[in-house]
Every structure is written in structure tokens, then in C-alpha cells.
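Notes follow the structure.
Throughout, a chain's letter reflects where its sequence line sits, starting with A, and its residues are numbered from 1.
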Protein chains: 2
Amino acid sequence: MTTRVSPATAYTTPNNYVQDRTKWSGLIEAYRSFLPVSDQTPVVTLHEGNTPLIPAYSLSERVGRGVKVYVKYDGLNPTGSFKDRGMTMAISKAKEDGAKAVICASTGNTSAAASAYAVRAGLKAFVLIPDGYVALGKLAQALLYGAEVIAIDGNFDDCFNLVRDIAHKYPVTLVNSVNPYRLEGQKTAAFEVVDQLGDAPDWLCIPVGNAGNISAYWMGFCQYHQHQKCEKLPRMMGFQAVGSAPIVEGHPVKSPNTVATAIRIGNPANWKRALAVEDASQGEFNAVTDEEILEAYRILAREEGVFCEPASAASVAGLLKVKDQIPNNATVVCVLTGNGLKDPQSAIDHAQAQVKAGVASELESVAQVMGF
Amino acid sequence: MTTRVSPATAYTTPNNYVQDRTKWSGLIEAYRSFLPVSDQTPVVTLHEGNTPLIPAYSLSERVGRGVKVYVKYDGLNPTGSFKDRGMTMAISKAKEDGAKAVICASTGNTSAAASAYAVRAGLKAFVLIPDGYVALGKLAQALLYGAEVIAIDGNFDDCFNLVRDIAHKYPVTLVNSVNPYRLEGQKTAAFEVVDQLGDAPDWLCIPVGNAGNISAYWMGFCQYHQHQKCEKLPRMMGFQAVGSAPIVEGHPVKSPNTVATAIRIGNPANWKRALAVEDASQGEFNAVTDEEILEAYRILAREEGVFCEPASAASVAGLLKVKDQIPNNATVVCVLTGNGLKDPQSAIDHAQAQVKAGVASELESVAQVMGF
């Protein structure tokens, strides 16, 4: 068992002294002046954002040299992922523009967020998926929120082309990541990190799939910097999975493959933007193996008590991979994009712990198993 | 589709104007002066609490007569349920007292919370369950957090007796609901509701299993009232499932049975306390059927965009059952104790929506299915 930092030396989140409690009604209200909304915009919110920035004492010890690591736990958004940040904006603007329905192609976190915010707004939600896609669990949320899920006789590319054509021809708003309001909402995570720390961190470690979130965070840091809300700008450190690392390899990956399904993307929509972020922030893109991702996933749970999606753990796997590059005493934030409860099967498959069964129902037997 | 309240007339959470953003580092720091902690107490926190109080416009319309309904969405705590509130206190105090390990009997939310906070504190966590209990999904969290899960050849009562005996004989702290610090932590949910509304609500609707949470909320409201933090005290409205309603029926239920597993308890530990709360608050206990619970579960998802555990929906099922008793223009808070992601199978089983499969991958076919 890792030794824990004692309370006397433990650091906390600097600006989290509290007192003005729980005064939060969603990120649009919180950051209104930084967002493309007006008094005419109906605010469709589930009080997303305001997610914890948790000190990661064990990760800090693993890095050493006075480095302070935090995790931004965006899995505590209302539908369980950072997608809610973009969706409150996308759906509010769709509602403002008079839309009656929204559509997306997704089998994961986007479909859950789109469905929840759509019903909240009184809009119909359509979700397109490829036929034969069997992982019903991932669609459980969309179905319960009452989205209309349509499985087409084609692949994901066909789904994306269809939703774009449908949004073009019919009065349905597209809320996939091409929707420009998505990144506007997502950038507020950077605002929160600065508000929580009192400045930007030295490094931001983040999983990269479509590269939308790294672009959004950078937008947020730059905007806050322009408004003198922070003095620093972080180095943006993006991490892809080895089997799905087009940006690292410099070319699209035809059949991307990784346990980190939420970043299994072979041809990122925001590729150019991501390279611009790398350049402007003196950042880096690196690839981490599935084994490294799963090890980080377990470390987060077993040492920090934080349960995230496998894809989220790519940021921590990356941190541990390049830790020798981190300057002494630096502040590092690792972004955890989704809740581990989204994928209980991965927890069971990769826990490396098992139930000790068949123990007799008597004190001595149980005590013996416990090591007494 | 239900008509939504237009933005012009929509109410929001009164005290949620924002500004002091995200300044939260857990409920012990936030409510230190109201809790049995000192400067010597190591604070073991995952930044639990500070959960959203979300206006429920559709439920308000269903009740009518100017009644404002909110849901307190405690499923957004770090391990996905309100149990984190009690566990940050129980584990911090265990750590303060020098414990090296904690133990509980649980197959559900308690085991997840105990395991996460224990590893965070550097303590060993033991979880006792009855052998042959097959729902591995519910144990996924405990296993990933690295708890030692021991299945004994006995039933739940045997588990409870054993953990009590073990905690008595060995240096292991019991963190089941008999641990007195659990309710201390849980009462902070009432503080948050008052801080968010500016006063206590007129009614509080809450699911009742062991009756610990209703007792904790009442403690919180009363303590805040004594400190002039609120003018009102709410009527405490507790709801049990028909197949597991010992308090409503006035006698223990031998084999409790309900879809709301988190409140499937035949002989509540806090029974006497619950009756005292009913009396002092002029509250009521009522039973709701599984059908009513599942209907409320769907309404929350399909109309409010909020995904909770079936047991959580008992508070909303109860609200709708006794809605004619609610005074005009009253403010009502329904407590949602757990995240729907804890139980994806229930979502799939009860969504009443299905994937429309086998649609041709062409614009016209999809448009037709969509109703264009």
C-alpha cells in the first residue's frame, strides 16, 4: 500500500476555501460573459460543470520532486462525461434558433448528453448508430432519456454522412462535434481549473480522440489569459492510445483499436487545430499503450479513490510516461473526461481483484481470511 | 411531449447567482463548524457534496398550482451516491482514531463509498457479502478500488453480525450505517438545500430504506434552524416501496421485495428515529408500488433529463402520489440518492424505447423513419 501524504503536509486546492457554497446553476450562467449567449438565449441546463479538481497525492509521490498533480474529474457532470459542457451550449443555441429536433451519430457519451439536454429543452433527439452494434449498455442512457435510436445498415462513416445530410435538408440541428457551440461550452473546463487553482497549471495532460477537448481547453486558457484571469499558459500534453494515434503517427489510422473506446478515432476532426495548440503551447502529443492506460485506470481507483472511464486514464498514463520531463515543483492537471460507471464491464475485467468466496460464516474463519 | 416552461417564466435556484465559483473542497471543509471534527482530524475527501439542486419544470407542471419542485441530485457524488457524504466523515474519523482497516457488509452503494474513501486514506477496506450473490456489476466499484471482498456461506444478517463482531474484536472500524459519523456527514445535504434555496423547502420527499438519510436530513434542517440559517422546517415525506414498507405497515417485513434494491430493507436500523422525525416535522410515510417507481424513473429521464437509480425515483413517485396534499405555491425538494449509471440494466429493461434497426443507409429511408 502506498504511504499517504500526512494531513500536515498535504496540499489542497488553493482557491477551495469555500464559504460561498453551492451557488452554481450551470456553466452558461457562471461564464456568461465569455460565451456566445444573450438575454434571448434560453438556458438549457442540468447544472453541469463545477466539477471537482481533486489533489492526487499518490500520483504526486510517483512523480516526486515537489510536483503537485490534480485530476479534473469531469465524470461528475450530469450525464457522466465532459460532453455535457458542450451540449448545454449546443442545445441552448438550437432552442434559441427555433429547432424542434436534434440529431447526432454516436454510440457513447455524445448520445447520452444530446438526449438528456434535448428532452430538458423539450426537443426531440435522434441518434444514429451502425446496425449490429451490440453494446446496448452504452445506449442505455439514450434510450431511457427517450431518444429515438436508429440503427442503419452501414458503418460509422455512413452515419456521420447521413446526419450531416439530414441536418442540411430537414429542420434538425446537428449536435455532433462539428457543431461550433460544443467547443465554446467545453472551454469552460479551463476557466474552472484556473478559478480553482488561482492560475493556469504548468502542464495540462489530456486524452486525445477527436482533439476537440484539447482545442477547447486551449481556447479557454487563452481567453482567460487575455482577460488577465491567469498569468501562465500551460503546456498542453495530449495523449492518444497506441492503436489509435493518428496525430502522433502523422497519418490517419484506418482501423483504430484500443481499450479506450472514447478516444478510438482514426481521423480526428480537429487535427489541424490540435497541431496549432501543440505549437502555440509548446506542448506534445504522445502515445500510451493499452496496458499503460489500464494500469493508470487501476492506480486512480486503488490509490486515489477515483473511478474513471479507461479513455480518461490515458491522461494519467501519459503523465507517468513522461514524468521525467516535468519541471520541479510544477503544477499538473490531468483531465478525466468520463465516469467509470459508464463502463462497469471494464472495471470487472481489469480490477485484478477477486471475490474470496466460500468462507465459513464464523468469526475465526473470516478473521483468518482478513489476515488476523 | 410535455410543454416546457418558457425561459421567461422559468424559475431557477434562487441562491445560484454564481460568482464564487467552484470553491469547494468537500463537505467537511464547507461545514466544519457543524461537524464533530477538529484541527487534528485528517480530512479524507474526494470533494463530495456540492451536488446540484435542479429545477424540475415538468414535475412542477404535473403538480400544478404554482408548486415549485426541485431534485437534489446526489448521484453526482464521487462514487455515485449520497453514501459519500457519510463516508468522508466515517473514514476521516477512523483515520483520526488510528484505524488501519475498515469493514462493512454491503453489496451496493455503501461498499463502493467505503472502498473509495478507505484507499484515499491509505486504509485497507474489507467488504462482506453473502456467498452466491451473483450481481458482480454492483461490486465492480469495490473491486476496482481494491477492496478485499469476502463472500461468506450465510445470508445478509450473518454478514451484519460478523462485521460487528469483527469490529469489536479486531482493530477494524465498522463503517456500516451504525457508525455514528455517517449521519453527521449525511446531514450536510440539508445544509446545501438551504444554502441553495435561501431557506428550507416546505416539503422534503425522500426514499426510505434504513431510514438513516431521512433522519440525517432532519438533523441538518434542525441544526441550521437553531443557527438561524433557515426560517422554515420542512414536512418530511418518506416513501417506501410497497413490497418493502415496514414503517408504513408498522411491522418488519421478512422477505422485502422491490425493484428499488437500494431501499429493500425489511427492518430499518433507524426505525424509531424515523417515527420521531415524522412526528416532529408533521411528516408522513407512504408506500409506492414498483410500477409507480419505474414510471417516476422514466419521467425523470424523459422529461427532466435526469438519470437516477430506481430507488431514488421513489421520492418522485411519492410526490406524484400525494401531490394533492401539497399547498399552493409550495417549494418541494425530492432527494435523488444515487446515479442511474449504477444500474444500467434497469435502464435497458425499463426504457420502453427500442432501437429501430435495419434501416437502409440512405437519406430518404432515415428521414422517413424520423417522420419527415
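Residue Glu362(B) touches chain A through its backbone alone, counting heavy-atom pairs closer than 4.5 Å. Within the 4.5 angstrom heavy-atom criterion, only side-chain atoms of Ile103(B), from C-beta onward, approach chain A. Glu364(A) touches chain B through its side chain: at least one heavy atom from C-beta onward sits under 4.5 Å away, while N, CA, C and O do not. Only the backbone of Gln354(A) has a heavy atom closer than 4.5 Å to any heavy atom of chain B. Both the backbone and the side chain of Val306(A) come within less than 4.5 Å of a heavy atom of chain B.
Highest contact tally toward chain B, considering only Ser361(A), Ser365(A), Pro171(A), Gly146(A), is held by Ser361(A) [criterion: heavy-atom pairs under 4.5 Å]. With chain B as the partner, the residue from His350(A), Gln352(A), Gln141(A), Glu48(A) showing the most heavy-atom pairs under 4.5 Å is Gln141(A). The candidate from Ala360(B), Ala367(B), Pro78(B), Ala116(B) with the greatest count of non-hydrogen atom pairs under 4.5 Å with chain A is Pro78(B). With chain A as partner, the option from Ala118(B), Gly358(B), Gly75(B) having the largest number of non-hydrogen pairs under 4.5 angstrom is Gly358(B). Interface remark: of the candidates Val359(A), Asp153(A), Leu300(A), Val359(A) forms the most heavy-atom pairs closer than 4.5 Å to chain B. The most heavy-atom pairs under 4.5 Å with chain B, out of Asn155(A), Ile166(A), Asn339(A), come from Ile166(A). Annotation: maximal heavy-atom pairing with chain B below 4.5 Å, among Ala357(A), Gly154(A), Cys159(A), occurs at Ala357(A). Contact count against chain B (heavy-atom pairs under 4.5 Å) is highest for Ala301(A) among Ala351(A), Pro52(A), Ala301(A), Ala101(A).
Smallest separation of non-hydrogen atoms from Ile348(A) and Ala140(B): CG1-CB, 3.7 Å. When all heavy atoms of Gly80(B) and Leu341(A) are compared, the closest pair comes out as CA-CD1, 4.4 Å. Between Pro55(A) and His47(B), the closest heavy-atom pair is CD-NE2, 3.6 Å. Summarising the geometry of Leu76(B) relative to Asn77(A), their closest heavy-atom pair is CD2-O, 3.6 Å, with the distance given to 0.1 Å.
For the atom pair CG (Leu143(B)) and CZ (Arg302(A)), the distance works out to 9.5 Å, reported to the nearest 0.5 Å. Thr45(A) contributes atom OG1, which lies 7.5 Å from atom CD1 of Ile54(B) (distance to the nearest 0.5 angstrom).
Of the candidates Ile129(A), Ile150(A), Val127(A), Asp131(A), Ile129(A) is the only one forming a side-chain contact (heavy atoms from CB on, under 4.5 Å) with Val355(B).
Counting only heavy atoms from C-beta outward, the side chains of Leu144(A) and Tyr297(B) approach each other to under 4.5 Å. The shortest side-chain heavy-atom distance between Met370(A) and Glu148(B) does not fall under the 4.5 Å cut-off. In this structure the side chain of Leu46(A) never reaches within 4.5 angstrom of the side chain of Tyr73(B), judged on heavy atoms.
Ring pair Phe307(A)/Tyr145(B) is perpendicular by interplanar angle, where above 60° counts as perpendicular and below 30° as parallel.
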| request: Check the pair Phe372(A), Val172(B) against side chain to side chain contact (heavy atoms under 4.5 Å, CB included), reporting the backbone distance first and the verdict last. | output: CA-CA 10 Å; Phe372(A) 291 117; Val172(B) 182; 3.3 Å; yes

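Counting heavy-atom neighbours within 6.0 Å of Gln368(B) CD, excluding the residue itself, gives a total of 12 or less.
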